[in-house]
Every structure is written in structure tokens, then in C-alpha cells.
Undergrad: 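Attaching a single structure in C-alpha cells format; questions to follow.
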Amino acid sequence: MSSRAIIRPTPRSWRWVGSDSASAERQRPASEQMPDRKIDCARAHPARARRRAMTVHAILDQPTTPANDDVTGAGTPALVQPEVAPLTGAESLDQLVHAAMARWTGGLSPAGLALAFADWQLHLAASPGKRLQLALNALAEGARFARMVSMPHAAWQPWFMVKPQPGDNRFAGQDWALPAFNIMAQAFLLGEQWWHSAASGLHGVSKANAAVVDFTVRQCLDVVAPSNFAFSNPEVLREAMDSGGGNFVSGWHNWLEDCRDLLSAKPPGPAPFVVGKDVAATKGKVVYRNELIELIQYAPATADVCPEPVLIVPAWIMKYYILDLSPQNSLVRFLVERGFTVFMISWRNPEPADRELGLDHYRKLGIDAAIDVINQLVPERPIHAAGYCLGGTLLAIAAARLQKERPGCLCSVTLLAAQVDFTDAGELTLFINESQVAFLEDMMRQRGVLETAQMAGAFQLLRSNDMIWSRLVRDYLMGERAAPSDLMSWNADATRMPYRMHSDYLRKLFLNNDLAEGRYLVDGQPVALSDLRVPMFAVGTVRDHVAPWRSVHKVHLLADADITFVLASGGHNAGIVAPPSEEGRSYQLLEKKADQPYVGPDEWLRTAVNRDGSWWLEWVRFLTAHSGVWVPAQSVLHAPEGVSSLGDAPGQYVLQH
């Protein structure tokens with residue numbers, strides 16, 4: 001056997017596992033294992049290594065136990081959490097009541113919803129002019145509608161009064177132009193339009209409360225849309241005539257299958273793609289593992305490679321393989337085939353015992369730990385760091401801190417659909433207020449985590465027409481099943497979020513906007529995004545309901561760096577997964593130097609160049625422009641002695657359910 005040792009961070013302790021019997025079971029503090037291996041790109045930092053070891057032991061201070069590599073099931077030991085002040089009797093009672101209420105409300109705070117509607121109703125009651133205007137509008141539109149209905153068939157013009165909004169595909173079929181069904185669709189759209197005018201534009205109502213009322217009313221109206229019922233949906237009726245009612249029989253079987261899957265805790269719908277075979281199949285090795293992450297290094301596919309490695313930080317609210325789906329649309333494979341050495345963080349799926357894992361734990365045991373390991377594997381080389389969604393937000397925090405403490409560690413920062421200012425963070429902020437956050441905290445404190453079903457439901461509500469009602473109509477009324485896809489399979493492979501981390505995220509970022517306003521603390525010191533000086537590449541997507549592109553664009557206000565901003569077609573996921581092989585892709589791009597004037601989003605939209613194709617090619621050009629002379633792949637992949645693989649990609653953490 002080889003005499004080389006493996007650095008293997010194991011559950012509950014750090015072990016130095018060697019092949020010789022004398023060292024096989026030797027336990028050492030991290031600071032004694034490799035004080036000379038912590039390399040800060042261009043020079044060694046033994047002091048930092050000691051500080052890092054002290055940080056890790058402070059978090060993972062547990063009695064030493066044998067290694068446990070079985071991380072695919074529920075038996076994985078959890079991180080030791082700091083003690084939490086016990087609740088008083090009254091607080092415990094309140095928490096139990098709120099947690100019980102949350103089961104019936106889907107996690108929405110009844111008090112927060114009631115306050116929003118009370119604000120709107122009281123101001124509406126005190127605004128006779130607004131009420132009169134709404135009444136006159138209803139009478140006028142009603143009279144127009146009556147005239148439309150009484151028109152002879154020969155003079156009928158579809159969508160005479162109102163058309164569906166862009167992106168509303170419920171009435172896109174040709175059969176909706178038939179007079180009887182078109183009348184029902186227009187009546188619904190007129191009602192939707194009237195309620196929108198009633199919920200908005202009321203003087204004195206707070207912007208946040210008006211948005212909550214408008215969103216809630218829209219969700220209620222979507223339930224009764226004529227497209228959701230068999231007798232009022234011409235496409236369903238045509239399918240019933242063509243199939244002799246077979247669509248209803250197939251829909252009944254689909255419903256029974258979904259009920260069976262729900263009872264067996266399986267995600268409903270078509271069979272998922274197999275992780276490691278159909279998706280997440282790019283060849284690589286797990287080179288590092290701790291209690292929170294696995295770090296995957298992908299095998300080179302070219303003879304020469306870029307000397308600077310690429311570290312990708314995905315969001316922990318999703319499995320990492322959104323960026324390594326099928327071979328034809330894998331961003332990881334795309335980068336590797338173009339000569340980049342890629343590292344990927346794979347987050348462990350937290351359990352209730354991990355309730356006190358906070359945002360700072362994710363930074364220390366996630367990004368900081370990954371950068372330390374990459375500095376060992378690729379010494380004296382700065383890193384191209386990229387973060388997706390929430391991973392990009394955390395990367396911005398870590399990068400700003402590194403810019404002060406370890407300048408030169410990063411050579412570029414890429415933010416993919418990631419926000420650093422949450423002032424205008426879209427419809428996700430509708431229910432982020434003190435009442436809602438406190439309600440969620442009580443619910444999560446009892447459970448320990450935010451469950452996958454609840455988190456998925458929140459995102460589905462943002463696009464309820466596409467994600468909920470259209471699927472129900474297709475599956476149960478049309479009797480069809482959507483063709484299985486890697487993206488759908490990934491979307492069903494959800495993860496949980498620890499109570500403390502989610503609370504930190506909601507309060508410090510969404511509610512208080514501490515990061516953008518300079519109040520977010522790291523090791524007791526505020527983080528200033530103006531410290532970011534390395535070249536940046538930021539991507540927003542046109543139809544993003546999670547991180548609206550105008551919110552992503554605000555990085556221009558905060559970072560003092562050269563920024564290449566891209567606005568890609570598509571949504572939060574499909575806009576990022578944009579392989580060049582797919583047709584119909586487009587994007588806009590504009591570069592801004594650090595010393596140039598600020599360009600607002602509206603002006604940016606008018607100025608940025610429109611281009612056909614995938615933004616992936618632009619990112620490769622950006623990375624290449626900020627990299628050194630390419631070197632043979634073998635020299636980059638040489639691992640320092642004492643570091644070896646912990647298994648093949650995709651690793652073990654991604655398989656957790």
C-alpha cells in the first residue's frame with residue numbers, strides 16, 4: 001500500500017488516516033496536521049492555518065469517534081450546535097401554537113396577511129373617490145361586455161375587450177378564439193384587471209401591503225380561471241371528443257399514481273433521472289469532505305488547461321447538479337471541455353439536528369474551506385470564483401472579506417442570478433416582514449429545518465399558472481404526462497434548510513438588507529462590498545421570479561470593480577442552463593469599468609448590445625481574458641502529498657434525501 005496519507009475530515013472529528021499501522025488511528029488537531037499546507041495563492045500562511053483550525057474545532061468540538069463514511073442515510077452524525085437559550089413557558093406555548101397553525105396555512109402568517117388586508121380595506125373605506133371610480137369602471141366595462149356578447153357571430157372579433165398578459169399562456173390555444181369560450185376567458189380577464197386596479201393605486205396603503213393584497217387576490221382568481229375546468233376549457237373538451245373520454249380515464253390513473261407516490265414519499269410525476277448516471281455524470285473526484293460540504297474536482301478534458309482553477313458555489317437550497325445536468329447541457333462539462341480546471345461544492349442535506357447551522361457556518365465550512373483546499377491542490381494560483389443564486393450572495397460576502405485579508409486570492413468573481421441588494425427582490429419579498437419571519441422562525445425552531453415541500457410550494461406560487469394549474473390541467477384533465485427531463489428531475493430533488501441559516505438569511509439579507517447597507521458582520525467586522533475590486537461577471541435573466549434582473553443589476557451600485565453584466569433570455573433556472581447547442585437563446589451584454597459612471601437598469605436595457613446564442617461563450621471569453629498562459633493539464637492536477645480522493649463524483653452528499 002502507498003505511504004501517502006489521506007486528509008479526511010470525518011464526522012465529529014478530524015482524523016489523519018495513514019496507510020501504516022502507526023498512523024492509521026492517530027488523532028491530531030488540525031493545526032498540527034498540516035501547518036505548512038495553507039497556501040494563500042502566492043505565499044504560505046501558517047498563521048491563517050492555525051486560525052482556521054481553531055475555527056473548525058470551535059464548531060466541531062466533539063469527542064473523537066471512529067470514521068463514518070455512510071453519509072447517504074439518516075445515520076450521518078450531525079454537527080454539534082451551540083447551546084440555545086431555553087424558551088420560557090409562554091414562549092414555548094406560542095411556538096407550539098404557531099407551529100400548529102403553520103401546518104394549516106402552509107407557513108404563511110395569518111397575522112401578516114390580515115394586517116395587509118386591514119391596511120388596504122381601511123384606506124379603501126376612507127376613499128370614497130376610489131370606490132366611486134371602481135364602481136364606474138365596473139359599470140362601463142360591464143356595458144361594453146354586454147355589447148360584445150350581443151354581437152352577431154359574423155361580426156365577432158376575438159379578444160375584443162382585453163387580451164391575456166404577456167407570459168399568460170392559459171388561453172393561447174386556437175380553440176380559445178371560439179366565441180363561447182372567448183367570452184368566458186375575457187370575462188375572467190376583465191375581473192382580474194378590475195381587482196388589480198382595486199388592490200393597487202390606493203393612496204396611503206404601503207407599497208408592501210398593496211403588493212401582498214394584489215398577489216393574494218391574483219392567486220384566488222387563478223383558482224377559478226375557466227382554463228382549470230373541463231366544461232369551460234375547449235382544449236379539454238376537444239380532447240374528450242377525439243379520445244371518446246379516454247383523457248379522463250388517463251387523468252384518473254395519473255391522479256392515483258400521484259397519490260400513491262405522495263403516500264410513499266416519492267416525488268410525483270415521471271421517473272427521475274439517475275444521479276451519477278443520467279445527470280451529474282461529468283467525471284471527477286471528491287478531494288475534500290467535511291461536515292457540510294464535499295469538494296469535487298473534475299477531470300481535465302484537454303491537454304492544456306487554464307492555470308487558474310474555477311470554483312463553483314451552488315445554492316444549498318438545491319442540489320448542485322443544476323450546473324451538471326445531462327452531458328449536452330452541463331455547464332461543468334462545457335467548462336472542462338474548454339480547458340478549465342473546475343471545482344464544485346456539493347452541500348450536505350441538513351437534518352433537524354443541524355438546526356443551529358447559521359449563514360456563517362456555511363461560509364466557513366463551505367467557501368473558506370473549499371478555497372483552502374484548492375490553494376493546496378493548485379498552489380500559487382488565484383481562483384475564478386462563481387456563485388449561483390444564494391451561493392452567489394454568500395460568495396460576494398466571502399470575496400469582499402478575502403479582498404481585505406488575502407488580496408490576490410481571487411482573480412475574478414461571477415454571480416449567476418445572485419442578489420447582493422434585496423430592496424427590490426421581487427415577489428419573494430411579499431411575505432418577508434416581521435410578522436411572517438417570526439412565524440416561520442417559530443415553525444422552524446420546532447421542526448429544526450424548513451421542509452422541502454414547503455419551500456418548493458413557495459416557489460411554485462410565484463408561477464402558479466405554469467407550475468401548478470397548467471400541470472394539473474395537463475395531467476388530470478388532458479390525461480397527459482410531461483416528457484421527463486433532467487431539469488424537472490432536478491427540481492423534484494429538493495433539499496432542506498436549517499432553522500438558524502434560514503432565519504439569518506431572511507432577517508439579515510431580505511428583511512434588514514444588512515449586506516447592501518454595510519451592517520453584515522463577519523468575525524465581528526462589517527463586510528463592505530465596495531472592497532470587491534477583482535473583475536466581475538454578473539448574469540441576470542429576463543423572466544426571473546426569484547432574483548429579478550433589476551435587483552441583480554444593483555451590484556453596479558455596490559462593487560468598485562470592472563463589471564460585465566449579461567441579461568439572458570429565460571428564467572431563474574432555464575436562463576442559466578443555456579447550452580450553445582440550444583436554439584432560440586439570446587442575451588444582452590454591456591461592460592462597465594470601475595471608473596465609468598453608473599448606468600441604471602433602464603438605460604442599460606437601451607444601451608446593451610443584443611446578441612443571439614448562449615452567454616456561456618461570453619463567460620469563457622471573460623475567464624480566458626483574466627487568466628494566465630495555459631499549462632499542461634498534468635501539472636495543474638498534481639495533488640500535494642497527503643491529499644487524495646475520497647471517491648468518485650458525484651460524491652455521497654448529493655445522494656441524501
Side-chain angles (χ1 to χ4, degrees), residues 281-282 298-314 321-344 383-389 391-392 395 410-418 486-487 534-544 547 549 552-553 555 561-593 604-605 607-630 633:
T282 305
Y298 293 95
T302 56
D304 294 329
V305 297
C306 172
E308 291 82 10
V310 177
L311 169 64
I312 300 179
V313 184
Y321 64 88
I322 177 65
L323 302 175
D324 186 24
L325 289 170
S326 302
Q328 69 272 13
N329 61 358
S330 166
L331 178 58
V332 170
R333 183 181 292 267
F334 178 81
L335 291 174
V336 169
E337 290 177 347
R338 278 149 186 80
F340 291 94
T341 302
V342 179
F343 292 84
M344 174 75 76
I383 298 169
H384 293 292
Y388 179 28
C389 188
L395 174 62
L410 303 178
C411 56
S412 76
V413 171
T414 297
L415 303 180
L416 307 178
D486 48 10
L487 194 58
V534 297
M536 299 186 68
F537 189 93
V539 180
T541 58
V542 175
R543 298 190 302 274
D544 198 328
W549 78 266
V552 176
H553 181 271
V555 69
D562 297 343
I563 299 176
T564 301
F565 190 81
V566 173
L567 178 60
S569 59
H572 186 71
N573 297 324
I576 298 300
V577 182
S581 59
E582 288 188 6
E583 297 181 356
R585 298 285 181 178
S586 64
Y587 62 93
Q588 291 178 260
L589 180 144
L590 188 65
E591 299 180 12
K592 176 193 170 296
K593 299 297 183 182
W604 187 97
L605 203 60
T607 308
V609 179
N610 282 284
R611 304 180 184 182
D612 293 330
S614 170
W615 64 266
W616 287 11
L617 298 171
E618 293 289 350
W619 191 30
V620 167
R621 283 191 279 269
F622 171 86
L623 295 176
T624 303
H626 296 92
S627 300
V629 179
W630 287 32

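All values below were derived from every heavy atom in this structure, side-chain atoms included, with hydrogens, water molecules and symmetry-related copies excluded.
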Undergrad: Just verifying a value: how many Å separate Ile322 CD1 and Ile576 CD1, rounded to the nearest 0.5 Å?
TA: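 Separation between the atoms: 9.0 Å.
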
Undergrad: Indicate yes or no: at least one non-hydrogen side-chain atom of Phe537 is less than 4.5 angstrom from one of Val566.
TA: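 Touching, per the 4.5 Å side-chain cut-off.
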
Undergrad: Output the distance between atom CG (Leu589) and atom CH2 (Trp615), rounded to the nearest 0.5 Å.
TA: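 Rounded to the nearest 0.5 Å, the CG-CH2 separation comes to 11.5 Å.
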
Undergrad: When you compare the side chain of Leu487 with that of Asn329, does any pair of heavy atoms fall below 4.5 Å?
TA: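 In short, these two side chains do not touch, never coming nearer than 4.5 Å.
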
Undergrad: How about Val577 and Leu331: do any of their side-chain heavy atoms sit closer than 4.5 Å?
TA: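 Of all side-chain heavy-atom pairs linking Leu331 with Val577, none is under 4.5 Å.
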
Undergrad: If you define the side chain from C-beta out and look only at heavy atoms, does anything of Pro580 sit under 4.5 Å from Leu617?
TA: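 Yes - at least one pair of side-chain heavy atoms lies under 4.5 Å apart.
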
Undergrad: Can you see which heavy atom on His626 is nearest to which on His384, and at what distance?
TA: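 Smallest heavy-atom distance, with atoms named: O-CE1, 3.4 Å.
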
Undergrad: Where do Asn573 and Tyr388 land on the side-chain contact (heavy atoms from CB on, under 4.5 Å) test, with the steps shown first?
TA: CA-CA 10 Å; Asn573 297 324; Tyr388 179 28; 2.9 Å; yes

Undergrad: Test your reading of the model: is there a side-chain donor-acceptor pair from Ser614 to the backbone of Ala578, 3.5 Å cut-off?
TA: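 Confirmed, Ser614 side chain pairs with Ala578 backbone.
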
Undergrad: Of all heavy-atom pairs between Ser330 and Thr282, which one has the smallest distance, and what is that distance?
TA: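 Of all heavy-atom pairs spanning Ser330 and Thr282, the closest is OG-OG1, 3.7 Å.
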
Undergrad: Check this for me: Arg543, atom CZ, are more than 12 non-hydrogen atoms of other residues, nucleotides or ligands nearer than 6.0 Å?
TA: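 Atom CZ in Arg543 is not packed in, count stays at 12 or less.
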
Undergrad: Out of curiosity, Tyr298 OH to Asp324 CG, how far, rounded to the nearest 0.5 Å?
TA: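 Tyr298 OH to Asp324 CG: 4.5 Å, rounded to 0.5 Å.
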
Undergrad: Indicate the atoms forming the closest heavy-atom contact of Gly392 with Leu415, along with that distance.
TA: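 So the two residues come closest at O-CD2, 3.4 Å.
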
Undergrad: Side chains of Leu395 and Val413: does their closest heavy-atom pair fall under 4.5 Å?
TA: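 Leu395 vs Val413: side chains touch.
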
Undergrad: Let's go through Val609 and Leu590 carefully: what are the C-alpha distance in whole Å and the side-chain angles of both, what is the deciding distance for side-chain contact (heavy atoms from CB on, under 4.5 Å) to 0.1 Å, and is it a yes or a no?
TA: CA-CA 7 Å; Val609 179; Leu590 188 65; 5.8 Å; no

Undergrad: Rounded to the nearest 0.5 Å, how far does CH2 of Trp619 lie from CZ of Phe340?
TA: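 Nearest 0.5 Å value for the CZ-CH2 distance: 8.5 Å.
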
Undergrad: Do the non-hydrogen side-chain atoms of Pro579 and Gln328 ever get within less than 4.5 Å of each other?
TA: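 Not touching, per the 4.5 Å side-chain cut-off.
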
Undergrad: Please name the pair of heavy atoms, one in Cys389 and one in Ala418, separated by the smallest distance, quoted to 0.1 Å.
TA: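 That would be O-CB, 3.2 Å.
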
Undergrad: Below 4.5 Å, heavy atoms only, C-beta onward: do Phe622 and Glu618 meet side chain to side chain?
TA: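 Side-chain contact under 4.5 Å: no.
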
Undergrad: Using the rule given for side-chain contact (heavy atoms from CB on, under 4.5 Å), can you reason through Asn610 versus Ser586, listing the C-alpha separation, both sets of side-chain angles and the distance that settles it, and then say yes or no?
TA: CA-CA 7 Å; Asn610 282 284; Ser586 64; over 6 Å; no

Undergrad: Side chains of Gln588 and Leu605, heavy atoms from C-beta outward: is any pair under 4.5 Å?
TA: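 The answer is yes, as the side chains (C-beta and beyond) meet within the 4.5 Å cut-off.
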
Undergrad: Might you point out which heavy atoms bring Tyr587 and Asp612 nearest each other, and give the distance in Å?
TA: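 Taking every non-hydrogen atom into account, CE2-O, 4.1 Å.
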
Undergrad: Testing the basics here: between Pro309 and Phe343, what is the closest heavy-atom pair and its distance to 0.1 Å?
TA: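 Answer, listing the atom of Pro309 first, then Phe343: CB-CE1, 3.8 Å.
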
Undergrad: OG1 of Thr564 to CD of Glu591: how many Å apart, nearest 0.5 Å?
TA: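 With rounding to 0.5 Å, OG1 (Thr564) is 4.0 Å from CD (Glu591).
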
Undergrad: If you measure from OG1 on Thr624 to CD on Glu308, what distance do you get to the nearest 0.5 Å?
TA: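 Reported value, rounded in 0.5 Å steps: 10.0 Å.
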
Undergrad: Please state whether the rings of Trp604 and His553 are parallel, tilted or perpendicular, taking 30° and 60° as the class boundaries.
TA: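 Rings of Trp604 and His553: perpendicular, over 60°.
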
Undergrad: Apply side-chain contact (heavy atoms from CB on, under 4.5 Å) to Val552 and Val539, showing your working.
TA: CA-CA 8 Å; Val552 176; Val539 180; over 6 Å; no

